[in-house]
Participant: 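Below is one structure. I have some questions about it.
Atoms within each ligand, like the ligands themselves, are counted from 1 in listed order.
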Amino acid sequence: MTLPVAPGPDPSQTTAASYLGQGARIGVFDSGLGGLSVLRAIRQHLPQAWLGYVADSAYAPYGEQDEGYIAARCDVISRFLLAQGVDTIVVACNTATAAAVHILRAQYPHLPIIGVEPGVKPAVALSVNKRVGVLATPGTLSSDKFKHLITTHGQQALIVTQGCPGLAKEIEQGQLDTPRLRALVDGFCQNLKLADVDTAVLGCTHYPFVAPLFQSALGAGVIIVDTSDAVARHTADSCRIRHARLVHHAQATSAAALSGPVSTQLWTSGDPEHLTDVARNWLALDAHAGLLT
Ligand code: DGL
């Protein structure tokens, strides 16, 4: 005799609202502390995911290094994160994405690898006078990926680019409002003000932590675009689809078991105490950072 089985909810129909990161193990990295802006957004979207963050502070900044140097660091960090069992990698660094995301994707074709790029597209859409500033590292601005981004999404506006050498390094110190930081930010905003931009893109993941300084240098009327939330949404979508596939193939239980307790772990190639303090101060995140080995 066959007993009728009550139809349960179709797990493959997990909605964006109901998926909070169950079973996901996400590795996030940056040249240093900047990617914490992306980590913060991912934590909001996926509170049940296991997250591992690597700050490559001993090798920061990447923004004034050549692509070979950055690609080698991305390789080391990705291997480390994969050894922690991650099933998704977020390259939470515009400079590293521009220099090396294509290499990582070629190396790990089955691994979802999410990169970040300056929010030129949303900025052009938001700008009323069609004058948009892009603040980023020299490495990001000189990359082929950025040139392609401007060709694809920047044609409907005047795009004023401004490299900010030294700014990420200053933010790495952990203080977010110092006279030196204000002077750097004011200097980098001069050309954007002269060009009368009404929208400015923060094209480096370090810069959202000093967004108030940019806002005060540029004036209250200028819209500041930061893509960390969009990157987190994209990451959540990718993990949700993967989770639905695993559930469909009845592998979700093992995936959830693998994911271990929900937590965020931090590692750095620099000073673990500094990362621990900064995560507490900037993200209200209590996690004792380890040394990247
Ligand atoms: N936070 C990084 C970015 O988004 C890089 C900063 C740096 O290391 O120069 O570009």
Side-chain angles (χ1 to χ4, degrees), residues 27-42 53-78 89-102 104 113-120 123 133-147 149-150 161-174 176 181 184-185 188 200-211 213-214 224-232 234-235 266-271 274-275 278-279 282-283 292:
V28 183
F29 75 89
D30 177 45
S31 64
L33 306 174
L36 291 172
S37 59
V38 177
L39 183 77
R40 173 171 59 190
I42 295 175
Y53 181 85
V54 173
D56 200 17
S57 295
Y59 295 83
Y62 286 175
E64 290 127 75
Q65 298 289 349
D66 63 50
E67 295 198 345
Y69 174 101
I70 299 167
R73 292 310 304 159
C74 290
D75 182 46
V76 169
I77 296 166
S78 300
I89 287 184
V90 180
V91 183
C93 174
N94 293 263
T95 316
T97 299
V101 79
H102 55 288
L104 292 178
I113 300 179
I114 292 155
V116 302
E117 62 183 13
V120 171
V134 181
L135 299 139
T137 68
T140 295
L141 295 179
S142 63
S143 67
D144 290 343
K145 211 168 188 321
F146 183 73
K147 285 173 196 142
L149 181 70
I150 296 299
T161 59
Q162 176 65 55
C164 306
L167 184 54
K169 191 170 179 203
E170 199 57 33
I171 294 167
E172 284 286 306
Q173 304 307 310
L176 298 179
L181 262 178
L184 279 172
V185 168
F188 294 137
V201 177
L202 302 184
C204 167
T205 53
H206 281 73
Y207 303 169
F209 290 114
V210 291
L213 304 193
F214 278 112
I224 300 218
V225 174
D226 156 23
T227 55
S228 46
D229 194 64
V231 173
H234 181 48
T235 305
L266 308 173
W267 292 274
T268 178
S269 56
D271 175 6
H274 186 53
L275 177 57
V278 165
W282 295 4
L283 267 60
L292 177 70

Participant: Under the rule for ring-ring contact (aromatic ring centres under 6.0 Å, His included), what residues qualify as partners of Phe188, not counting sequence neighbours?
Facilitator: none
Participant: Show me the donor-acceptor pairs within less than 3.5 Å that the side chains of residues 70-77 make with the rest of the protein, sequence neighbours left out.
Facilitator:
residue : atom : partner : partner atom : Å
Arg73   : NE   : Asp56   : OD2          : 2.8
Arg73   : NH2  : Asp56   : OD1          : 2.9
Asp75   : OD1  : Arg79   : NE           : 3.2
Asp75   : OD1  : Arg79   : NH2          : 3.4
Asp75   : OD1  : Gln107  : NE2          : 3.1
Asp75   : OD2  : Arg79   : NE           : 3.3

Participant: Could you please provide the protein residues found below 4.0 Å of ligand 1 on a heavy-atom basis, arranged by chain and number?
Facilitator: Asp30, Ser31, Pro61, Tyr62, Gly63, Cys93, Asn94, Thr95, Thr137, Ala168, Cys204, Thr205, His206
Participant: Would you please say whether a donor-acceptor pair under 3.5 Å links the side chains of Glu117 and Thr97?
Facilitator: no
Participant: State which residues pass side-chain hydrogen bond (donor to acceptor under 3.5 Å, both in side chains) with Thr235; sequence neighbours excluded, sorted by chain then number.
Facilitator: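 In terms of side-chain hydrogen bond (donor to acceptor under 3.5 Å, both in side chains), with neighbours along the sequence ignored, Thr235 is linked to no residue.
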Participant: On the 0 to 90° scale, with breaks at 30° and 60°, tag the Tyr69-Tyr59 ring pair as parallel, tilted or perpendicular.
Facilitator: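 Geometry flag for Tyr59 against Tyr69: tilted rings.
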Participant: Under 3.5 Å, is there a donor-acceptor pair between the Thr95 and Thr137 side chains?
Facilitator: yes
